[in-house]
Amino acid sequence: MIVPQVSINQYIPHREPFIMISSLVSVTAERFESEFVIEEHNVLVENGHFTESGLLENIAQTCAASFGFLAREEAGEPKIGFIGAMTKVEVSELPPVHSTIRTIVIPLHQLGNIYLVKGESFMEGRILLGCEMKIVVTQ
């Protein structure tokens with residue numbers, strides 16, 4: 001783990017109760033990986049399960065934290081990013097509360113400050129959700 005839960009808010013602009021990432025597991029320019037423990041008091045939990053919106057937000061926050069981590073590594077400040085679009089969203093399963101999900105994001109293309117990424121969330125090796133997102137990062 002390269003960024004633990006107690007430090008994650010140094011890399012994303014989000015604050016409680018809207019933090020949907022527990023830690024960064026690994027970050028390279030080619031691959032981002034995070035973990036998230038789903039608590040029952042989470043604002044995106046419904047009927048005992050983390051929602052599709054929660055899984056999508058987790059992927060977006062994995063991007064934000066990872067881009068922030070990479071910016072700090074280059075002696076810069078973390079930048080703010082926005083979701084520009086979501087496509088190819090496929091939901092297989094919703095995780096129950098008290099489970100841990102692992103999210104993997106692969107940056108596919110970059111055009112200026114716009115990134116196309118592929119994100120997938122997993123629980124116990126099973127895919128929960130996959131999608132592509134366009135992320136716009138502030139200059």
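- With values rounded to the nearest 0.5 angstrom, E52 atom CD is found 12.0 Å from C131 atom SG.
- Taking CZ of F36 as the reference point, atom CG of N42 lies at 4.5 Å (rounded to 0.5 Å).
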Checking side-chain contact (heavy atoms from CB on, under 4.5 Å) for the pair R31/I106: CA distance, chi angles, key distance, verdict?
-> CA-CA 5 Å; R31 185 176 191 270; I106 308 291; 3.7 Å; yes

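- Annotation for I38 and P95: closest pair CD1-CG, 3.5 Å, computed over non-hydrogen atoms.
- If you chain together hydrophobic residues whose side chains sit under 4.5 Å apart, V45 and L55 fall into the same group.
- Interatomic distance, I21 CD1 to S34 OG, rounded to the nearest 0.5 Å: 4.0 Å.
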Would S22 and I8 count as a side-chain contact (heavy atoms from CB on, under 4.5 Å) if you check the C-alpha gap in whole Å, the side-chain angles of each, and the deciding distance to 0.1 Å?
-> CA-CA 7 Å; S22 297; I8 203 69; over 6 Å; no

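- Two residues are said to be in side-chain contact when any heavy atoms from C-beta on lie closer than 4.5 Å; M133 and L56 meet this criterion.
- Counting heavy atoms from C-beta outward, V37 and E35 have side chains that stay 4.5 Å or more apart.
- Within the 4.5 Å cutoff, side-chain heavy atoms of F50 are placed close to those of L44.
- For E93, the side chain to side chain contact (heavy atoms under 4.5 Å, CB included) partners are M123, R126, L128, not counting sequence neighbours.
- Residues V91 and V97 share a single hydrophobic cluster, defined by chaining ILVMFWY side chains whose heavy atoms lie under 4.5 Å apart.
- In this structure, Q61 contributes its side chain and M20 its backbone to a donor-acceptor pair below 3.5 Å.
- Listed by chain and residue number, L116 satisfy the side chain to side chain contact (heavy atoms under 4.5 Å, CB included) test with H109 (two or more places apart in sequence, or in another chain).
- Interatomic distance, CG of N9 versus CD of E16, reported as 8.5 Å (0.5 Å rounding).
- Across V117 and P107, no two heavy atoms sit closer than the pair CG1-CA, 3.9 Å.
- The two residues S66 and L24 come nearest to each other via the heavy atoms OG-CD2, 3.5 Å.
- With values rounded to the nearest 0.5 angstrom, I83 atom CD1 is found 5.5 Å from E57 atom CD.
- Taking Ile, Leu, Val, Met, Phe, Trp and Tyr as members and joining any whose side-chain heavy atoms lie under 4.5 Å apart, directly or through other members, the hydrophobic cluster of I114 also contains V136.
- No option in F67, F82, F32 other than F67 meets the ring pair (Phe, Tyr, Trp, His ring centres under 6.0 Å) test with Y115.
- Note: I59 CD1 to T103 OG1 = 6.0 Å, rounded to the nearest 0.5 Å.
- The shortest non-hydrogen separation linking V43 to P17 is CG2-O, 3.7 Å.
- Nearest heavy atoms, C63 versus I135: SG-CG1, 4.3 Å.
- With respect to the salt-bridge test (charged N to carboxylate O, under 4.0 angstrom), the residues K118 and E132 do not qualify.
- Screening I127, I101, T100 against F122 for a side-chain contact (heavy atoms from CB on, under 4.5 Å) leaves a single residue, I127.
- Side-chain contact between H49 and P96: present, with at least one pair of heavy atoms (C-beta onward) separated by less than 4.5 Å.
- I12 and A64 get closest at one heavy-atom pair: CG2-CB, 3.8 Å.
- Side-chain atoms of Q110 come within 3.5 Å of backbone N or O of G112 as a donor-acceptor pair.
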